[in-house]
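The next block holds one structure in the form of structure tokens; read it before the comments.
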Amino acid sequence: MAVGKTFVVEKVCPICEKKFRVVKTRSRIMVVKRDDDACIHYADFNPYYYTIWVCEHCGFAADEKTFTTKMPDRHLVILRAVLLTKNIKIPFTEERTLGNASTAFRLALKFLDLIHGKSSKKAKYAHQLAWIYREAGDWDQEKEFLTKAAENYEDALMRESFPIGELTDNAVMYLVAAICHRIGDDKKATTYLSRLISDKGVREREPRIHDKARDLWGDMRAGRKK
Ligand SMILES: [Zn+2]
């Protein structure tokens, strides 16, 4: 169990305006390893289970930033029309199961669709849900959400302006390549990796992305030879 790794706080839901409980994770949890697509594995605890907050009263689900940033009125109108008429109750659980966590992500993705939310956010949710299935060893579900993540990252590359927070367009191109390699689309992975590796600007300004792209390229070539 996650004893000492989480704590409960109360927040006010922007949709129903009631107080609801949120499980937050403490920062000191031990990292075991990092995958090439940025998934972090932690010792006997998975903080990705808790990245999506769910209001236990109305069922609204989203990440912390969405809950704590003022929401545009047009989004409130759409979400309230759906949530406040349906009486969705999602029971609060201090310790989430794989099922609870996946429901939270699926709801969050559904609400993003309703408000025509940003592809970069859909990509992030789908990517983290894929990581949850990775840890659980469910490849079919992992692959489904990796595919969704890659599609939405690519859409974000075309439509959104970068950087988004600390995420640069080159970092997203690298992520798409890493995901494509995992789901067996090495052709697309190669396209993005060769762009990153041959771009002098990336090498100079984002050497970490350049190095990661080189490493993944090397892994892919080694894999092909096997
Ligand atoms: Zn609510």
Side-chain angles (χ1 to χ4, degrees), residues 1-27 29 39-40 42 45-133 135-136 138 141-142 144-145 148-149 151-153 155-156 159-160 164-167:
M1 153 67 189
V3 179
K5 295 194 171 80
T6 61
F7 58 102
V8 178
V9 293
E10 276 195 332
K11 297 283 170 181
V12 175
C13 173
I15 308 301
C16 68
E17 298 177 318
K18 288 179 188 157
K19 271 190 185 168
F20 70 102
R21 287 166 288 175
V22 177
V23 174
K24 296 198 80 168
T25 55
R26 294 185 198 281
S27 48
I29 30 180
C39 174
I40 304 174
Y42 299 89
F45 179 70
N46 190 342
Y48 300 126
Y49 273 34
Y50 301 94
T51 44
I52 298 296
W53 292 9
V54 180
C55 171
E56 59 198 293
H57 307 294
C58 71
F60 182 58
D63 61 6
E64 175 171 355
K65 200 174 168 209
T66 307
F67 266 97
T68 53
T69 313
K70 193 181 161 9
M71 208 179 279
D73 286 342
R74 63 181 195 283
H75 292 173
L76 284 176
V77 169
I78 295 168
L79 292 166
R80 282 182 180 148
V82 172
L83 287 166
L84 302 186
T85 52
K86 283 215 167 76
N87 198 27
I88 306 166
K89 290 262 188 292
I90 306 284
F92 173 75
T93 42
E94 195 167 342
E95 190 180 4
R96 284 185 177 171
T97 60
L98 172 68
N100 299 142
S102 107
T103 300
F105 275 106
R106 284 163 195 267
L107 282 170
L109 282 164
K110 190 173 291 220
F111 298 137
L112 268 182
D113 278 339
L114 269 179
I115 59 166
H116 304 292
K118 287 202 168 141
S119 298
S120 55
K121 195 170 256 191
K122 282 184 210 171
K124 194 177 118 194
Y125 289 178
H127 201 178
Q128 291 195 357
L129 180 50
W131 292 343
I132 281 177
Y133 286 120
E135 195 210 27
D138 186 338
Q141 292 288 312
E142 180 191 342
E144 181 184 332
F145 286 97
K148 193 177 169 77
E151 286 166 6
N152 280 287
Y153 279 133
D155 194 64
R159 293 169 202 273
E160 296 179 34
I164 298 169
E166 289 179 359
L167 198 64

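Computed over heavy atoms, backbone and side chain alike; hydrogens, waters and symmetry mates excluded. The structure displayed is predicted, hence computed values, not measured ones. Atoms within each ligand, like the ligands themselves, are counted from 1 in listed order.
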Can you tell me the angle formed at the Zn ion (ligand 1) by SG of Cys16 and SG of Cys58, to 10°?
120°
To the nearest 10 degrees, could you say what angle the Zn ion (ligand 1) makes with SG of Cys13 and SG of Cys55?
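That angle is 110°.
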Going from OG1 on Thr66 to CD1 on Ile115, what distance comes out if it is rounded to the nearest 0.5 angstrom?
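Answer rounded to 0.5 Å: 7.5 Å.
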Angle between ring planes, Phe67 versus Phe20, binned at 30° and 60°: parallel, tilted or perpendicular?
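Tilted.
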Suppose we only count N/O/S atoms under 2.8 Å; would His57 qualify as near the Zn ion (ligand 1)?
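No, His57 does not qualify, because none of its backbone or side-chain N, O or S atoms lies under 2.8 Å.
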Among Tyr42, Tyr48, Tyr49, find the one that has a ring-ring contact (aromatic ring centres under 6.0 Å, His included) with Trp131.
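That would be Tyr48; it is the only one of Tyr42, Tyr48, Tyr49 passing the ring-ring contact (aromatic ring centres under 6.0 Å, His included) with Trp131.
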Trp53, Phe60, Tyr125 screened by ring-ring contact (aromatic ring centres under 6.0 Å, His included) with Phe111, the one that passes
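Testing Phe111 for a ring-ring contact (aromatic ring centres under 6.0 Å, His included) against Trp53, Phe60, Tyr125 leaves exactly one candidate, Phe60.
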